[in-house]
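Report on one structure; see the data block that follows.
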Amino acid sequence: DAKTTQPPSMDCAEGRAANLPCNHSTISGNEYVYWYRQIHSQGPQYIIHGLKNNETNEMASLIITEDRKSSTLILPHATLRDTAVYYCIVRAPENSGGSNYKLTFGKGTLLTVNP
Amino acid sequence: GAGVSQSPSNKVTEKGKDVELRCDPISGHTALYWYRQSLGQGLEFLIYFQGNSAPDKSGLPSDRFSAERTGGSVSTLTIQRTQQEDSAVYLCASSAFETQYFGPGTRLLVL
């Protein structure tokens, strides 16, 4: 069951902000939004996560709508090395029961940063 | 600090042979996870360790697959009598508090 919906691909010019959307309209109250990316032939790389407040770290910003049904990952100044598949994942805390320790990766968004 | 490391980075084997894949988690991480990514496919969960115990082995594809973790640290994924459909990238991740950090993976090719 797909919990998130992302566009299959996006393009961005180098130096510009990349805004990657994600819809998660069925998100539960205790589920966090996680973002990972996978550069070709590498393992997934953790980027950022949040529950309801906007979050920022050295890699990116995460903007979550007030109703929590969608979010946007922002790479403020995209570089060629940011070309990757970006995955948006919703997951409840591991101690909330069930199999919440599993990360379920969808197809993600292939972001291509162009020179 | 050091991230998750996996070895070997690449492995080519013949059908029917056994292989062992190793994962060294981030120091202090109590949870460890194995996933598999076949060519052009998404990540498939295999097994999860909390300490040395594996509460969930349900993702292991068949009884040819097994995994163990010793000392709450290193984990080994063993595939016996490899088949061509076992060809994939095997990824290991570890976590201390919820966030999983992945290693670079082992690329397995079964000829």
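Proteins get letters first, then strands, A, B, ... in listed order; numbering begins at 1 in each.
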Margin query: In the structure I gave you, are the side-chain heavy atoms of T13(B) and L108(B) within less than 4.5 Å of one another anywhere?
Written below: yes

Next item on the list: Tell me the residues of residues 21-37 of chain B whose non-hydrogen atoms fall below 4.5 Å from those of chain A, in number order.
Entry: Y33(B), Y35(B), Q37(B)

Check: So which residues of residues 34-62 of chain A are in contact with chain B at a heavy-atom cut-off of under 4.5 Å?
Finding: Y34(A), Y36(A), Q38(A), S41(A), Q42(A), G43(A), P44(A), Y46(A), H49(A)

Item checked: Point-to-point distance, once rounded to the nearest 0.5 Å, from CD1 of I63(A) to CD1 of I74(A) -> 4.5 Å

Notebook entry, point to check: Is the closest side-chain heavy-atom distance between E31(A) and H24(A) below 4.5 Å?
Noted result: no

Note to self: Does any part of the side chain of L43(B), heavy atoms only, come nearer than 4.5 Å to the side chain of F102(B), both counted from C-beta?
What the structure shows: yes

Checklist line | Donor + acceptor pair across side chains of D67(A), T65(A) (<3.5 Å) | finding: yes

Margin query: Give me the atom names and distance for the closest heavy-atom approach of P93(A) to N30(A).
Written below: CD-O, 3.0 Å

Notebook entry, point to check: Does R107(B) use its side chain to pair, donor to acceptor, with the backbone of P8(B) at less than 3.5 Å?
Noted result: no

Next item on the list: State, with a plain yes or no, whether a side-chain heavy atom of K3(A) is found less than 4.5 Å away from one of T104(A).
Entry: no

Check: Given that the side chain runs from C-beta out, which part of K102(A) has a heavy atom under 4.5 Å from chain B: side chain, backbone, both or neither?
Finding: both

Margin query: Does this structure show an ion pair linking R91(A) with E98(B), if we count only N-O contacts that are shorter than 4.0 Å?
Written below: yes

Notebook entry, point to check: Quick one: CG on L77(B) to OG1 on T106(B), what's the gap to the nearest 0.5 Å?
Noted result: 9.0 Å

Next item on the list: Side chain from CB out, backbone as N, CA, C, O: work out which of these in Y32(A) comes under 4.5 Å of a heavy atom of chain B, or both, or neither.
Entry: neither

